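Read the structure below first, then the notes.
Note that the coordinates shown come from a computational prediction; the quantities given were computed from them, not determined experimentally. Every number for a ligand or one of its atoms is a count from 1 in the order of the listing.
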Amino acid sequence: VFVNDIVPPDIEPTNDKKMTALRPPVPTPPKNIMSFISAFKSAQRDLLSVLPEVVYKTYMGKHRLGLRHVYIVNDPEMVRHVLADNVDNYPKSQQMYRALTALVGDGIFISNGATWKRQRKMIDPAFVNVRLRRAFPSMMQTVEDFIDRLKAIDPQSEMKIDEEMAHVTADIIFRAIFSDKLTKEVSNAVFKAFADYQATLPQLDFMEMIGMPDWFPRRSMHKTNLAGQKIRGVIRSLIEARLNDQSGRQYDDILQVLVDARDEETGAGFELEELVDHVGVLFLAGHETSASTLTWAAYLIAQAPDIADRLTEEVDRVWTEPQLAYAQVPEMKLTRNVFRETLRLYPPVSFITREAIAKDEMRGYAVKPGSMMVISPWIIHRHEIYWERPGEFDPDRYATPSGEASYRKSYVPFGMGARVCSGASFAMTEGTLILAALMRNFRLELLNPEEILPVCRLTTRPSVSPRFRILPRN
Ligand code: HEM
């Protein structure tokens, strides 16, 4: 194992801390670079806690891990090189494939090459702006149901905001896909199966990281496969119900876009199992990520009373009718910036990985075929060269020239390039709406801030469930 980090010579990180700013705690980084073998062993507990301080100060790290070279890519130009400009040389790595294939087959999140190109073309129409505008009233209705559920909770009792956030975001994506509300039976079945799925997944596939060939014996995926099959079963029956629907009802939802999608060249539509793959991806990608961001946003707001007051003032000024209109969402700039800043500090997808096909060069270093490229929104967003006061929660930073420049160059919660998140606008809209609805109705009190640290699971989550009290504002 060798470790070769490149520390830039002359750049002093600016770390002049604002006196009042909130600096939420993070795992204490090891002081020097540990052997990567032991680091990755402990990464089964939590990958974030093994990142040494130096990764937040380097343009690039090059490491040898077993049979493989691993590059940690932070420099914005190189990030662009891998994710956008030279995308054909850097397909998605097998790492993610193995974790998700039992659930989503060869669906869009993990597919590559011609398969991915065809899928993306056929799926994109579901996310264009117009459709988002059409989906908004249903999003609004779902958020009203969410607020009603929260109002029914005794304000003196403790509540688990993470569970409520998972419920509302699952309900939103479910209605966007199927038009109907998430029923209790489906929601219980799916939530339980998703939890089982995640619980059985290793955080990182160690054998994959060190480049062991496919035939090498690996940890059994039996339990993961079973949980994946269960979720697919529920999704399949919902899709079959649509395909067999004789009622004449006109559907204007994501499933209908997928059912109607045709390959430009062959005219073929998606097969049933492909539809199950895509609905599975959209359901998974579309609620876990948003739910964890919203939980972190509540955690941050509860600890920043000045921001909470300003959010309340903003929502009262903009949201004056019983329902908010789609066109009013962009007027809530602070709310949007709080969601944006939460995505910076707690990007749900902390590590994006790619695998080099052909040889290449990075900052003068030869990149061999088979090398793994790690682009980490977690590292890049907390990078001392690319961000001022990176550890501070400061939603106003985006209105400053330096913050705006960092945002343009080193803000990648949704990835970048051809494979950028299809649901980014959807997520920004629902995130802003849910936060606004929360601040319009409640004051948040966090009871256990000192117990909470971020850990990396399938998404970046709190180490223990945050305990909240939500007090009605009026
Ligand atoms: C805060 C919320 C979200 C975050 C942080 C997020 C993040 C990401 C990231 C980082 C990727 C790219 C991964 C890579 O390049 O390896 C991605 C891809 C994707 N996301 Fe999201 N996502 C979010 C919400 C959503 C929503 C709401 C949907 C759907 C409704 C969605 C659908 C997708 C799809 C389909 C892809 C695959 C695109 C492709 O490979 O062509 N995401 N997401």
| note | Counting from 1 in the order shown, the ligand 1 atoms closer than 4.0 Å to a non-hydrogen atom of W116 are 39 (C), 40 (O), 41 (O)

| task | Go through the side-chain N and O atoms of T295 and D162 and say whether any donor and acceptor fall under 3.5 Å apart. | result | no

| request: Quickly, which of R336, R397, H381 forms a side-chain hydrogen bond (donor to acceptor under 3.5 Å, both in side chains) with E341? Name it, please. | output: R397

| note | Within less than 2.8 Å of atom 21 (Fe) of ligand 1, the count of protein N, O or S atoms comes to 1

| request: Provide the number and element of each atom of ligand 1 under 4.0 Å from a heavy atom of T293. | output: 1 (C)

| Plane angle bin for Y411 and Y398 - parallel if under 30°, tilted between 30 and 60°, otherwise perpendicular | perpendicular

| remark: re atom 13 (C) of ligand 1, the protein heavy-atom contact at minimum distance is K92 NZ, 3.6 Å

| query | Is a salt bridge present between E273 and R232, judged by a nitrogen-to-oxygen distance below 4.0 Å? | reply | yes

| remark: Sequence neighbours excluded, the answer for side chain to side chain contact (heavy atoms under 4.5 Å, CB included) partners of E77 is D75

| field | More than 12 heavy atoms from other groups under 6.0 Å of CD on E271 | value | no

| Counting heavy atoms only, which part of R419 comes closer than 4.0 Å to ligand 1: side chain, backbone, both or neither? | both

| remark: Residue, atom and distance of the protein heavy atom nearest atom 38 (C) of ligand 1 read R120 NH1, 3.3 Å

| field | Element-labelled atoms of ligand 1 that are located less than 4.0 Å from some non-hydrogen atom of R354 | value | 14 (C), 15 (O), 16 (O)

| said: Can you pull out every ring-ring contact (aromatic ring centres under 6.0 Å, His included) where at least one residue sits in residues 99-149? Sequence neighbours excluded, please. | reply: F136-Y326

| query | Considering only heavy atoms, does I173 approach ligand 1 within less than 4.0 Å through its side chain, its backbone, both, or neither? | reply | side chain

| message | On the six-membered ring of W387, is R382 placed so that its NZ or CZ lies under 6.0 angstrom from the centre and within 45° of the ring axis? | response | no

| task | Classify the contact between I108 and ligand 1 as side chain, backbone, both or neither, using a heavy-atom distance cut-off of under 4.0 Å. | result | both

| Ionic contact status for E164 with K160, cut-off 4.0 Å | no

| task | Identify, by atom number and element, the atoms of ligand 1 in contact range of S290, meaning under 4.0 Å from any of its heavy atoms. | result | 2 (C)

| request: Could you tell me which atoms of ligand 1, counted from 1 in the order shown, lie closer than 4.0 angstrom to a heavy atom of F127? | output: 29 (C), 30 (C)

| said: Under 4.0 Å from a heavy atom of P348: which atoms of ligand 1 are those, numbered in the order shown and with their elements? | reply: 5 (C)

| For ligand 1, which atoms have a heavy atom of F426 less than 4.0 angstrom away? | 27 (C)

| said: Check for me whether L343 has a heavy atom closer than 4.0 Å to any atom of ligand 1. | reply: yes

| said: Over 60° means perpendicular and under 30° means parallel, so tell me whether F174 and F178 are parallel, tilted or perpendicular. | reply: tilted

| query | Any Lys/Arg nitrogen of D88 or R419 sitting under 4.0 Å from an Asp/Glu carboxylate oxygen of the other? | reply | no

| request: Output the list of atoms in ligand 1 that are nearer than 4.0 Å to some heavy atom of P413, sorted by atom number. | output: 5 (C), 7 (C), 10 (C)

| task | Would you please name every residue forming a side chain to side chain contact (heavy atoms under 4.5 Å, CB included) with K121, sequence neighbours left out? | result | E264

| said: Does this structure show an ion pair linking R175 with D145, if we count only N-O contacts that are shorter than 4.0 Å? | reply: yes

